Amino acid sequence: MLAVLPDHLRAEAARRLAGAEPVLRERLAGLYGERADFLPWLGDLMENIGRLHAARPAALRRQDLRRAAQADWFLSQRMLGYCAYVQCFGGTLDGVGRRIGHLRELGVSYLHLLPFLRPRAGENDGGFAVANFDEVDPALGSNADLEALTARLRGAGISLCSDFILNHVADDHAWARGARAGDPAMRAMFHVFPDRTLPDRYERTLGQVFPQAAPGNFSYVEELGGWVWTTFYPYQWDLNYANPAVFAAMAATMLRLANRGIDVFRLDSTAFLWKREGSDCMNQPEAHALLQALRAVVAIAAPGVLLKAEAIVPTRELPAYFGSAAAPECHIAYHSSLMAAGWAALAEQDTELLRRVVAATPALPPAASWLSYVRCHDDIGWNVLRAEAGAGDHAPGEPGADGADGGQAGGAAARLARVARFFSGADGSYAAGAAFQSSDPRAAHGSNGMAASLAGLETAPDDAARAAARRRLLLLHGLALSFGALPVLFMGDELAQRNDYGYSARPQHAMDSRWLQRPQFDQQRWAARHDGGGEAGQVYAALRRLVRLRQSRPELAAGAPLALLPSVDPAVLALARGERFLALLNFSAVPHTLDLPGRWTCLQDDRAMAGGATLEPYGMLWLARDDDAIST
Ligand code: GLC
């Protein structure tokens with residue numbers, strides 16, 4: 001690797017190599033070491049990494065050095081994320097550039113643009129079926145536009161996060177086309193089975209991601225004369241990471257994208273990378289080894305770049321995605337349990353699940369962060385909460401106690417199914433959402449809908465109900481912003497945008513209700529954002545205030561200490577950050593008054609408080625201790 005570098009890069013690269021190469025070599029040897037050609041393969045891989053490092057633009061190499069000098073740069077309380085589809089937010093990449101003012105006004109320093117690389121022709125799962133990783137979707141711009149945007153964002157202090165869809169490619173990707181045409185090397189990039197023998201054996205223990213729209217995990221492809229592994233839609237072919245050529249090609253693909261200026265890779269569907277018969281083929285040790293190897297590649301060739309795990313898995317499986325001090329994995333991971341538990345707390349008017357999730361959330365190593373959020377482009381998946389929802393209801397080993405039953409039996413599943421029903425608007429609930437991929441009322445899968453609609457803004461009959469719905473929306477955002485994490489807002493939520501029902505008229509989207517929460521950016525609401533009399537303006541102002549407060553309180557940084565305090569009522573969450581900050585969040589429809597010894601300031605309105613605090617229904621207080629520190 002060092003031999004292909006120009007002289008001026010060699011010393012620094014040698015230092016990085018010394019740090020990261022042992023883990024890289026060990027993990028790759030563990031995965032592929034028994035192959036006769038392992039060493040020459042590794043040599044080629046390292047040489048290619050060297051070439052890609054040499055091609056890294058100088059501005060990015062300078063940024064690498066700055067970030068290496070401050071490895072925890074993304075843990076700051078000043079970090080705020082925003083997530084959007086390019087076509088919904090700006091029309092094109094260039095149009096996104098014209099929204100930088102908007103992002104800065106909100107305080108955003110991290111922008112996650114959902115897939116923007118050339119997708120499959122036709123249906124493409126919102127761009128998650130990539131036909132070509134080296135080409136921007138022509139409908140959204142060009143590679144030059146991407147490089148121009150990353151440079152503009154960098155100039156504005158905003159990091160760009162891009163999806164890196166490494167579990168699968170589209171069925172019209174060059175590898176899939178090659179496999180169809182009979183090229184054995186291309187066929188070997190996938191898991192292809194000549195008949196149903198092995199697929200049937202795997203299916204015994206596999207779950208289903210889209211049980212209605214795409215049942216089963218294998219798709220028959222005529223030209224292959226066999227069944228190809230397709231965890232998601234039939235046109236998304238899972239890659240076979242047991243083949244070292246897949247790892248080498250995907251690692252290089254990632255570095256080429258990094259060299260275009262992408263700062264953060266959202267590693268899509270990371271849990272599914274390795275298949276093992278008899279298991280659910282999620283969270284396998286080899287998947288972690290692959291991620292540790294990718295992290296080492298980044299640490300050598302593009303060390304300013306962050307990896308973010310999208311692993312929507314039970315809370316207990318999440319910490320492993322950070323790896324260890326000796327073998328780090330991802331820098332950031334979605335805290336999907338926290339997100340789902342926040343919504344469940346609203347439905348149940350009880351914070352028990354939320355408290356269990358917080359209790360099960362370990363402190364992280366330095367320079368690592370959770371990602372907190374209220375909504376994203378996907379459904380709220382309830383099954384990640386099966387362990388927490390079953391705790392207390394079940395004896396160990398009983399179905400439902402730990403999710404081993406597949407989630408559809410036992411008290412935990414029934415409890416989560418009630419939550420899902422609530423968000424589909426059943427039984428007079430205020431929520432206007434849709435159950436995702438499930439018509440069975442006893443099953444819990446996911447719920448769709450924009451946050452404002454799920455919180456009740458769409459159905460609210462009067463001003464009082466609208467105010468309560470706004471408070472629910474802010475409550476969940478307050479949790480995401482005060483929990484120690486990198487908070488990411490979802491496009492439109494800052495303006496209380498509602499569901500987009502138009503999707504059902506679009507044939508390519510109609511079967512996937514996740515499109516409810518993928519509306520076009522509402523220009524009118526945006527224009528009215530400073531109108532304090534309107535819904536968008538009220539939410540926007542309150543959210544911006546929380547963001548600004550957060551920016552001013554170092555104890556709200558991602559890595560800073562967090563403690564749950566005992567609370568007077570199960571509906572109230574009392575979250576202490578450091579010694580002087582307390583968030584009180586009321587998840588119920590009734591007000592609560594709490595004793596509050598000492599002197600406090602309510603940060604939202606600068607009010608001095610002594611002796612006690614009253615929380616409105618669904619109300620939230622961010623309090624700063626004025627005298628002695630909080631005793632936990
Ligand atoms: C991730 C994405 C989701 C997509 C799936 C398959 O979970 O967030 O939108 O459908 O991966 O790529």
Side-chain angles (χ1 to χ4, degrees), residues 81 83-88 112-120 122-131 133 137 161-173 176 190 206-217 219 228-239 241 250 264-273 280-283 287 291 307-314 317-318 321 330 332-337 339-340 371 373-384 436-437 445-449 488 490-491 503 508-509 511-518:
C83 171
Y85 269 106
V86 173
Q87 55 273 46
C88 300
H112 169 202
L113 290 178
L114 284 152
F116 51 75
L117 299 176
R118 184 191 269 282
R120 174 181 190 271
E123 263 180 53
N124 55 43
D125 188 20
F128 283 95
V130 177
F133 291 94
D137 179 353
C161 169
S162 157
D163 288 276
F164 185 54
I165 299 150
L166 73 169
N167 178 67
H168 44 265
V169 298
D171 63 352
D172 60 357
H173 183 279
F190 304 100
L206 284 173
Q208 302 214 33
V209 181
F210 302 140
Q212 283 184 346
N217 288 280
S219 303
V228 65
W229 200 305
T230 54
T231 300
F232 296 90
Y233 283 107
Y235 52 76
Q236 288 161 306
W237 293 11
D238 287 42
L239 291 171
Y241 278 92
M250 293 309 279
V264 184
F265 288 103
R266 173 187 180 275
L267 302 180
D268 184 67
S269 312
T270 37
F272 296 92
L273 298 181
D280 62 1
C281 298
M282 294 175 76
N283 312 307
L291 294 173
L307 301 183
K308 172 170 78 164
E310 191 247 352
I312 309 303
V313 296
E317 301 283 0
L318 283 172
Y321 286 88
C330 295
I332 305 173
Y334 282 84
H335 204 326
S336 48
S337 299
M339 181 277 294
L371 184 150
Y373 59 123
V374 175
R375 285 300 288 117
C376 72
H377 67 293
D378 282 331
D379 57 306
I380 305 170
W382 302 112
N383 283 322
V384 296
F436 182 51
Q437 297 279 333
H445 200 82
S447 295
N448 285 319
V488 177
F490 185 57
M491 187 209 84
Y503 83 95
Q508 74 276 28
H509 296 155
M511 75 305 174
D512 193 332
S513 62
R514 289 178 299 169
W515 288 92
L516 267 183
Q517 62 259 12
R518 299 171 183 176

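This one's a predicted model, so the numbers in the text were calculated from it and none came from an experiment. One-based numbering, in listed order, for ligands and for the atoms of each.
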Point to revise | Salt-bridge present (D378, R518; N to O < 4.0 Å) | key: yes
Review point. Quick one: ring-ring contact (aromatic ring centres under 6.0 Å, His included) partners of Y233, sequence neighbours excluded?
Key: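 Y233 satisfies ring-ring contact (aromatic ring centres under 6.0 Å, His included) with F210, Y235 once adjacent residues are dropped.
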**Study point:** Set of ring-ring contact (aromatic ring centres under 6.0 Å, His included) partners for Y334, sequence neighbours left out
**Key:** Y373
Review point. For the atom pair CD1 (I312) and CZ (F272), what is the distance rounded to the nearest 0.5 Å?
Key: 9.5 Å
Point to revise | Neighbour list for ligand 1 [protein residues, heavy atom under 4.0 Å] | key: D125, F128, H168, F210, F232, Q236, R266, D268, S269, E310, H377, D378, R514
Check your understanding: Can you say whether the rings of H168 and F232 are parallel (under 30°), tilted (30 to 60°) or perpendicular (over 60°)?
Key -> tilted
Exercise for review: Mind checking side-chain contact (heavy atoms from CB on, under 4.5 Å) for N448 and listing every partner two or more places apart, or none if nothing turns up?
Suggested key: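 Once residues adjacent in sequence are excluded, the partners of N448 under the side-chain contact (heavy atoms from CB on, under 4.5 Å) criterion are R375, D379, F436, S513, R514, L516, Q517.
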